[in-house]
There are 2 protein chains.
Amino acid sequence: MYERKIKEDLDCGITIAMKVFGAKWKPCIIDAIARGIRRPSELHREIATTSLRVIEMQLSELVTYGVVTKKIYTGFPLCVEYFLTPMGESILPILEQLNAWGLKNKDAVQQVNNYQSIEKDALSQYSSICQ
Amino acid sequence: MYERKIKEDLDCGITIAMKVFGAKWKPCIIDAIARGIRRPSELHREIATTSLRVIEMQLSELVTYGVVTKKIYTGFPLCVEYFLTPMGESILPILEQLNAWGLKNKDAVQQVNNYQSIEKDALSQYSSICQ
DNA sequence: TCGGATACCGAATAACTTTTCGGTATGAAC
DNA sequence: GTTCATACCGAAAAGTTATTCGGTATCCGA
């Protein structure tokens with residue numbers, strides 16, 4: 001297993017939250033499971049922009065943190081389902097709030113991204129000089 | 001300037017939010033500014049676990065996104081102050097919610113971290129097998 | 001027996017972020 | 001003129017995370 005070189009501050013709530021659901025695809029996966037998409041292959045079809053491997057890795061991390069539970073059906077077809085735990089459910093309103101904030105500020109952020117590729121000095125408007 | 005190889009989905013609110021304030025020290029910095037700590041050197045004293053360079057870089061990013069404004073005093077001593085914009089203020093309740101979630105689930109997460117360094121199979125309790 | 005759908009995993013690589021290091025500049029005070 | 005505290009920046013190194021690649025295994029049905 002990979003061993004961190006830089007210590008994390010696991011007393012800071014934000015650090016803990018980011019560790020549990022702050023990775024690139026975890027919010028998508030949590031949201032999809034909440035919408036009833038439960039199997040890895042289904043999740044992969046839903047989130048086609050990343051690989052199945054990535055989804056599986058994130059799922060297994062979410063399981064270890066207790067955000068989702070895994071249900072294995074031994075019959076045919078080979079089938080596994082993931083469900084949100086209460087802890088997982090409690091993340092949903094936070095994701096919704098993050099999403100709402102992002103959409104509200106979407107224009108400003110996209111504009112900055114454009115400025116950056118055109119001319120950096122256009123940003124100087126953001127600072128003021130006082131005597 | 002660094003140019004991304006992997007495209008970002010700037011239509012997803014969560015991605016946007018994470019881009020703006022999802023970096024390692026940005027929540028600390030935003031929170032500190034909200035508490036009235038405004039100058040880079042003060043912020044560095046407050047957040048002593050990282051370097052001044054890091055704080056300056058994050059601050060300049062926050063300025064470009066419009067989260068904080070920069071006020072330059074040309075007199076002596078050389079002095080600069082950062083303030084939250086309304087957009088910056090609107091991040092505070094989200095940070096508070098993230099922090100609260102993390103603290104509420106702190107024990108569970110810390111326990112997982114301990115399990116991981118002792119025995120990985122202790123985690124198998126999280127999945128169930130069904131017929 | 002082989003192919004197809006499912007699920008999973010190790011390891012290497014690529015991409016990205018954070019940190020460190022060494023430098024510039026200002027104005028006051030000694 | 002040297003030193004000090006402030007603020008800032010470029011570039012390399014170190015660290016972390018995401019992605020790709022190639023493999024295993026199961027069970028069914030053709």
Side-chain angles (χ1 to χ4, degrees), chain A residues 1-9 15 18-29 37-45 47-64 70-82 120-121 123-124 127 129-131, chain B residues 1-9 15 18-29 37-45 47-64 70-82 120-121 123-124 127 129-131:
Chain A
M1 193 183 42
Y2 178 73
E3 194 169 331
R4 295 192 149 274
K5 306 276 164 56
I6 299 177
K7 285 284 165 292
E8 294 176 296
D9 179 9
T15 306
M18 286 299 98
K19 189 180 175 67
V20 174
F21 59 89
K24 185 165 181 187
W25 299 102
K26 279 178 182 171
C28 293
I29 293 172
I37 302 168
R38 311 202 181 291
R39 302 177 57 190
S41 54
E42 283 175 357
L43 287 164
H44 184 215
R45 272 190 290 273
I47 312 169
T49 27
T50 189
S51 70
L52 185 55
R53 176 74 175 123
V54 169
I55 290 172
E56 287 166 347
M57 282 191 304
Q58 306 289 291
L59 279 170
S60 101
E61 262 196 56
L62 291 173
V63 169
T64 66
K70 179 177 177 179
K71 214 170 182 178
I72 304 168
Y73 298 92
T74 54
F76 180 81
L78 181 55
C79 174
V80 165
E81 286 187 338
Y82 293 88
K120 216 187 166 183
D121 285 330
L123 298 165
S124 62
S127 52
I129 300 187
C130 308
Q131 312 316 326
Chain B
M1 193 183 37
Y2 178 73
E3 194 169 329
R4 294 189 154 276
K5 306 277 166 54
I6 298 176
K7 285 286 165 294
E8 294 175 297
D9 179 9
T15 306
M18 286 299 99
K19 190 180 174 68
V20 174
F21 59 88
K24 186 166 180 184
W25 298 103
K26 279 178 184 170
C28 294
I29 292 172
I37 301 167
R38 314 203 178 288
R39 302 177 57 190
S41 55
E42 284 174 358
L43 288 163
H44 185 215
R45 271 189 290 274
I47 312 170
T49 27
T50 189
S51 70
L52 185 56
R53 175 73 174 123
V54 169
I55 290 171
E56 287 166 346
M57 281 191 306
Q58 307 289 290
L59 279 172
S60 100
E61 261 196 55
L62 291 173
V63 169
T64 66
K70 179 177 179 180
K71 212 168 181 177
I72 304 168
Y73 298 91
T74 53
F76 181 84
L78 182 53
C79 173
V80 165
E81 286 187 336
Y82 293 88
K120 215 189 168 183
D121 285 330
L123 297 166
S124 62
S127 52
I129 301 189
C130 308
Q131 314 313 329

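Each chain gets a letter, A, B and so on, in the order its sequence line appears, and its residues count up from 1. Since we're looking at a predicted model, the values are computed, not measured.
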Novice: Counting only N and O atoms by type, is there a donor-acceptor contact under 3.5 Å from the side chain of A:His44 to the main-chain atoms of A:Arg39?
Specialist: no
Novice: Could you give the side-chain donor-acceptor pairs of residues 18-27 of chain B under 3.5 Å, partners two or more places apart or in another chain?
Specialist:
| residue | atom | partner | partner atom | Å |
| --- | --- | --- | --- | --- |
| B:Lys19 | NZ | B:Glu8 | OE1 | 2.9 |
| B:Lys19 | NZ | B:Glu8 | OE2 | 3.3 |
| B:Lys26 | NZ | B:Val20 | O | 3.2 |
| B:Lys26 | NZ | B:Glu61 | OE1 | 2.7 |

Novice: Rounded to the nearest 0.5 Å, what's the gap from CG on B:Leu59 to CE on B:Met57? Could you check?
Specialist: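 B:Leu59 CG to B:Met57 CE: 10.5 Å, rounded to 0.5 Å.
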Novice: Specify the separation, in whole Å, of atom OH of A:Tyr73 and atom P of D:dC28.
Specialist: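 Rounded to whole Å, this separation is 18 Å.
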Novice: Considering residues at least two apart in sequence or located in another chain, which fulfil the side-chain hydrogen bond (donor to acceptor under 3.5 Å, both in side chains) criterion with B:Glu81?
Specialist: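 Residues passing side-chain hydrogen bond (donor to acceptor under 3.5 Å, both in side chains) with B:Glu81: B:Tyr73.
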Novice: Please report the end-to-end axis angle for the helix from C:dT1-D:dA30 to C:dC30-D:dG1, five pairs per end, rounded to 10 degrees.
Specialist: 30°
Novice: Can you name the salt bridge (charged side-chain N to carboxylate O under 4.0 Å, His left out) partners of A:Glu42, sequence neighbours left out?
Specialist: none
Novice: Can you tell me how far apart OG1 (A:Thr49) and CD1 (A:Ile47) are? Round to the nearest 0.5 Å.
Specialist: 7.0 Å
Novice: Output a table of nitrogen or oxygen pairs between the protein and nucleotides 4-7 of chain D separated by less than 3.5 Å.
Specialist:
| residue | atom | partner | partner atom | Å |
| --- | --- | --- | --- | --- |
| D:dT6 | O3' | B:Arg39 | NH2 | 3.0 |
| D:dT6 | O3' | B:Leu78 | O | 3.4 |
| D:dA7 | OP1 | B:Arg39 | NE | 3.2 |
| D:dA7 | OP1 | B:Arg39 | NH2 | 3.3 |
| D:dA7 | OP2 | B:Ser41 | N | 3.0 |
| D:dA7 | OP2 | B:Ser41 | OG | 2.8 |

Novice: Which residues pass the side-chain contact (heavy atoms from CB on, under 4.5 Å) test with B:Ser60, sequence neighbours left out?
Specialist: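 In terms of side-chain contact (heavy atoms from CB on, under 4.5 Å), with neighbours along the sequence ignored, B:Ser60 is linked to no residue.
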Novice: Roughly how far, to the nearest 0.5 Å, is SG of B:Cys28 from CD1 of B:Ile37?
Specialist: 11.0 Å
Novice: Would you compute the distance between atom CZ of A:Arg45 and atom CG of A:Leu52 and round it to the nearest 0.5 angstrom?
Specialist: 10.0 Å
Novice: In whole angstrom, what separates A:Ile72's CD1 from D:dT26's P?
Specialist: 14 Å
Novice: Output the rounded distance in Å from CE (A:Met18) to C1' (C:dT17).
Specialist: 16 Å
Novice: Base contacts versus sugar-phosphate-only contacts with protein, heavy atoms under 4.0 Å: please encode nucleotides 14-20 of chain D as B, S and - from 5' to 3'.
Specialist: -SBSSBB
Novice: Would you please name every residue forming a side-chain hydrogen bond (donor to acceptor under 3.5 Å, both in side chains) with A:Glu56, sequence neighbours left out?
Specialist: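 Applying side-chain hydrogen bond (donor to acceptor under 3.5 Å, both in side chains) to A:Glu56 gives none.
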Novice: Return the value, rounded to whole Å, for the distance between atom CD of B:Glu61 and atom P of C:dT19.
Specialist: 13 Å
Novice: Without decimals, in angstroms, what is the distance between A:Arg38 CZ and C:dA7 C1'?
Specialist: 18 Å
Novice: Rounded off to whole Å, could you give me the CG-to-P distance for the A:Asp9 and C:dT18 pair?
Specialist: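 Between P of C:dT18 and CG of A:Asp9: 15 Å.
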Novice: Mind checking the CD1-OG1 spacing from A:Ile29 to A:Thr50? Nearest 0.5 Å is all I need.
Specialist: 8.0 Å
Novice: Nearest whole angstrom, please: distance from the P of C:dT18 to the NE2 of B:His44.
Specialist: 16 Å
